[in-house]
Amino acid sequence: MAFEKVKRSENYSEWYNNLVKNADMAEHSAVKGCMVIKPYGYAIWEKMQAQLDFMFKETGHSNAYFPLFVPKSLFEKEEKNAAGFAKECAVVTHYRLKSNPDKEGSLMVDPESKLEEELVVRPTSEAIIWNTYKNWIQSYRDLPILINQWANVVRWEMRTRLFLRTAEFLWQEGHTAHATRDEALEETKKMLDVYAEFSEKFMAIPVIRGIKTENERFAGADDTYTIEGMMQDGKALQMGTSHFLGQNFAKAFDVKFQTKEGNLEYVWASSWGVSTRLMGALIMVHSDDEGLVLPPKLAPIHVVIVPVYRSQEEMLSIAAAMKPLMAILKSSGYTVKLDDRDTYKPGYKFAEWELKGVPVRIAVGPRDLDSKTAEVVRRDTKEKSIVPMDDLYTHICTLLLDIQENLYRRAEQVRSVKTFLADTWDEFLDVVNVKEGFAMAHWDGSAETETKIKALSKASIRCIPLDQIQEEGVCVFSGKPSKGRVVFSKAY
RNA sequence: CGGGAUGUAGCGCAGCCCGGUAGCGCACUUGCAUGGGGUGCAAGGGGUCGUGAGUUCGAAUCUCGCCAUCCCGACCA
């Protein structure tokens, strides 16, 4: 293998594309706008899934599965939601092919097989789910319903990028039903916190929790909560959203329940999701010119051992010397790989495992066997150290914890260096276009101003932070009064 | 969906302007040496030049259509 190297500082998006391909995570497929997630990339996604799934279960949710297809009549019931997605829906109109009489060996859509009602390929599942919940809910005793589904969805995007935006992507969508407004709102916020905790503790990416403005909000929601992360190039990435749906879907699908007092009321709802887009965040926040850098908590392989040897006997004695370490690491829950491929040289292996982001690498050769040591290299700082064999286990355990923390600190540092207060329009443009980062600026609260700012600067309001400091100020664009700063940035 | 660019071996590219039946580097196969940061030497295998039509005695090369990818916009998780 030879890898084309692109420097992060020279062309960020080319660096990203290159990395995704070279680290063997994903590639473009024969289907326009759709990607193939390769085993190594999928292994990382599975790590994310496993942790998120655990956290959803811990907060009382169960998994279920709803159909890929949504009858158009159901889809259009919640008008705002349907209108929001209308432009990017794939639609199934026929159910059969037949051989083409005009061209041998080719197939054509059988015009006889036209569907009575078109089926929309789900861009999200609120419609089919709420149509189902209607049958499940009669009484307050049936509530709450706390369901999550792992699924694929399709949004027909014009311009795609591996993991960040593809026509089909994998995600999870939680859909909950509650008896009261407060409970639904509490659920919405709780799941936002789950996402934030996942991002910070597992992905090692600091996020800003906030509320979306009306312009940026999910079409069917009363409020959209978001976690926003900053990539190394200073752009924002929306990493997860949690929607307070009010009674919008309950009303659209006529989902009512009888209260203790015997009254009929519409139920309250939330929905929340994160997608394979998180893979993009993971790559863009931590990686460097050598390749991927993975936080230990999401790395499919924690430790790789590269033997350095001349003869097969040397190789076997190294493997034997490493056996106890591998066993004890494995029993502690770490994945260890001994790279015993005889067809590649050590230097090549070093480069390859760096490219794949394995957090810790151990190199062991004859000299180490003599001195009872090993060379340990951490991926995040590339720092090397010689460690006595007897100390390897504790050293590696400590190192993995330290790498996890260091990645978070480093990401936080990048974000803080690229976050600026902007009080005038000139300062604002400077932050957004020249310094390339987050602009904390006052905004008058109107959609018109937000739209104008976006048109002129290409920066949008990422969110109104939940921990927004109340302070008097004037809007950076209109000069009208404002009570707090919001986060502006260019975004993915 | 608009503007620009590209499509030649698994990957990266040259050849195209000036038509004459395809080449380089890496990867791959085999052998020998080598092995503590992307091994060296030697010998091999692999391509309907994105696709369809047109011009021509002859097309990777010229013309048109289509498809795909990338970059820049609009839209979006």
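Chain naming here is simple, since letters A, B, ... match the order of the sequence lines and numbering starts at 1 in each. A quick note: this is a predicted structure, and the numbers were derived from the prediction, not measured.
- Across all strands shown, B:C66 forms a Watson-Crick or G-U wobble pair, both distances under 3.5 Å, with B:G50.
- Within residues 368-386 of chain A, the residues that have a heavy atom under 4.0 Å from RNA chain B are, in order of number, A:Asp368, A:Glu375, A:Lys384.
- Between B:C26 and B:G2, the distance separating the two P atoms is 43 Å to the nearest Å.
- The interatomic distance linking A:Tyr348 (OH) with B:U34 (C1') rounds to 17 Å, in whole Å.
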Would you mind writing out the side-chain donor-acceptor pairs for residues 82-92 of chain A within the sub-3.5 Å range, not counting sequence neighbours?
none

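- Closest approach to the A:Arg367 side chain among B:G37, B:C71, B:G36 is made by B:G36 (side chain taken as heavy atoms from C-beta onward).
- Separating the C1' atom of B:A59 from that of B:C72 is a span of 34 Å, rounded to the nearest Å.
- Between A:Asp340 and A:Lys349, none of the side-chain N atoms (NZ, or NE/NH1/NH2) sits under 4.0 Å from a carboxylate O, so this pair counts as no salt bridge.
- Across all strands shown, A:Thr343 has no heavy atoms under 4.0 Å from either base or sugar-phosphate atoms.
- Projected onto RNA chain B by closest heavy-atom contact, A:Thr160 and A:Thr166 fall at different nucleotides, the more 5' of which corresponds to A:Thr160.
- Pairs of residues two or more places apart, or lying in two chains, that qualify as salt bridge (Lys or Arg N to Asp or Glu O under 4.0 Å) and include a residue from residues 428-438 of chain A are A:Asp430-A:Lys435.
- Using the six-membered ring where Trp is involved, A:Trp425 and A:Phe477 have ring planes that are perpendicular, over 60° apart on the 30 and 60° scheme.
- Taking every side-chain heavy atom of A:Asn17 into account, B:C70 is the closest of B:G37, B:G36, B:C70.
- Residue A:Lys345 places at least one side-chain N or O under 4.0 Å from the OP1 or OP2 atom of B:G36.
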Could you write out each protein N or O paired with an N or O of nucleotides 73-76 of chain B at a distance under 3.5 Å?
{"residue": "B:C76", "atom": "O2'", "partner": "A:Glu157", "partner atom": "OE2", "Å": "3.1"}
{"residue": "B:C76", "atom": "O2", "partner": "A:Arg165", "partner atom": "NE", "Å": "2.2"}
{"residue": "B:C76", "atom": "O2", "partner": "A:Arg165", "partner atom": "NH2", "Å": "3.1"}
{"residue": "B:C76", "atom": "N3", "partner": "A:Arg165", "partner atom": "NE", "Å": "3.1"}
{"residue": "B:C76", "atom": "N3", "partner": "A:Arg165", "partner atom": "NH2", "Å": "2.4"}

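- Nucleic acid contact for A:Leu237: none, since no nucleic acid atom lies under 4.0 Å from a heavy atom of the residue.
- Using C1' as the reference atom, B:C67 and B:A27 are 28 Å apart when rounded to the nearest Å.
- Sorted pairs that involve residues 197-206 of chain A and meet side-chain hydrogen bond (donor to acceptor under 3.5 Å, both in side chains), not counting sequence neighbours, are lacking altogether.
- Of all heavy-atom pairs between A:Phe428 and A:Ala459, the closest is CZ-CB, 4.3 Å.
- Of the C1' atoms belonging to B:A60 and B:C16, the separation is 7 Å, rounded to the nearest Å.
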Please table the atom pairs, donor to acceptor, closer than 3.5 Å between any side-chain atom in residues 34-45 of chain A and protein atoms at least two apart or in another chain.
{"residue": "A:Lys38", "atom": "NZ", "partner": "A:Asp24", "partner atom": "OD1", "Å": "2.8"}
{"residue": "A:Tyr40", "atom": "OH", "partner": "A:Lys356", "partner atom": "O", "Å": "2.6"}

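- A salt bridge between A:Glu186 and A:Lys190 is absent, with no side-chain N of the basic residue lying under 4.0 Å from a carboxylate O of the acidic one.
- A:Thr224 approaches A:Arg217 most closely through the heavy-atom pair OG1-CG, 3.4 Å.
- B:G36 is unpaired under the criterion used here, namely a Watson-Crick or G-U wobble arrangement in which both key atom distances are under 3.5 Å.
- Comparing the P positions of B:U34 and B:C71 gives an interatomic distance of 46 Å, to the nearest angstrom.
- Put simply, CZ on A:Arg310 is 14 Å from C1' on B:U39, counting in whole angstrom units.
- In this structure, A:Leu355 atom CG and B:G37 atom C1' are separated by 14 Å, rounded to whole Å.
- Taking atom CH2 of A:Trp150 as the reference point, atom P of B:A77 lies 19 Å away to the nearest angstrom.
- Phosphate proximity of B:C28 to A:Tyr344: present, with a side-chain N or O under 4.0 Å from OP1 or OP2.
- The minimum heavy-atom distance between A:Lys47 and A:Pro300, with the atom names listed, is CE-CA, 4.1 Å.
- Rounded to an integer number of Å, the gap from A:Tyr12 OH to B:C71 P is 14 Å.
- Among residues two or more places apart in sequence or in another chain, the salt bridge (Lys or Arg N to Asp or Glu O under 4.0 Å) test is passed with A:Asp53 by A:Lys57.
- With hydrogens and angles ignored, the 3.5 Å screen pairs no side-chain donor or acceptor of A:Arg310 with any backbone N or O of A:Pro366.
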Polar atom pairs (N or O), protein with nucleotides 2-10 of chain B, under 3.5 Å:
none

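- Residue A:Arg361 is the one, among A:Arg361 and A:Glu168, whose nearest nucleotide of RNA chain B lies closer to the 5' end (criterion: closest heavy atom).
- Within the structure, every pair that satisfies the salt bridge (Lys or Arg N to Asp or Glu O under 4.0 Å) test and touches residues 357-372 of chain A, not counting sequence neighbours, is listed here: A:Glu354-A:Arg361.
- Residues passing the salt bridge (Lys or Arg N to Asp or Glu O under 4.0 Å) test with A:Lys297: none are found, sequence neighbours excluded.
- In this structure, the CG atom of A:Asn152 is 15 Å from the C1' atom of B:A77, given to the nearest Å.
- Using a 4.0 Å cut-off on heavy atoms, none of the residues of residues 121-133 of chain A approach RNA chain B.
- The gap from the P atom of B:C18 to that of B:A74 amounts to 39 Å, rounded to the nearest Å.
- At a cut-off of 3.5 angstrom, counting only N and O atoms as typed in the model, there is a donor on one side and an acceptor on the other between the side-chain of A:Glu354 and the base of B:G37.
- Separating the CE atom of A:Met35 from the C1' atom of B:A77 is a distance of 12 Å, rounded to the nearest angstrom.
- Between the CG atom of A:Asp289 and the C1' atom of B:G38 there is a distance of 16 Å, given to the nearest Å.
- Among residues two or more places apart in sequence or in another chain, the salt bridge (Lys or Arg N to Asp or Glu O under 4.0 Å) test is passed with A:Glu412 by none.
- In the set B:A77, B:U39, B:C70, the nucleotide with an atom closest to the side chain of A:Phe169 is B:A77.
- Ring centroids of A:Tyr133 and A:Phe253 are separated by 6.0 Å or more, keeping the two rings apart.
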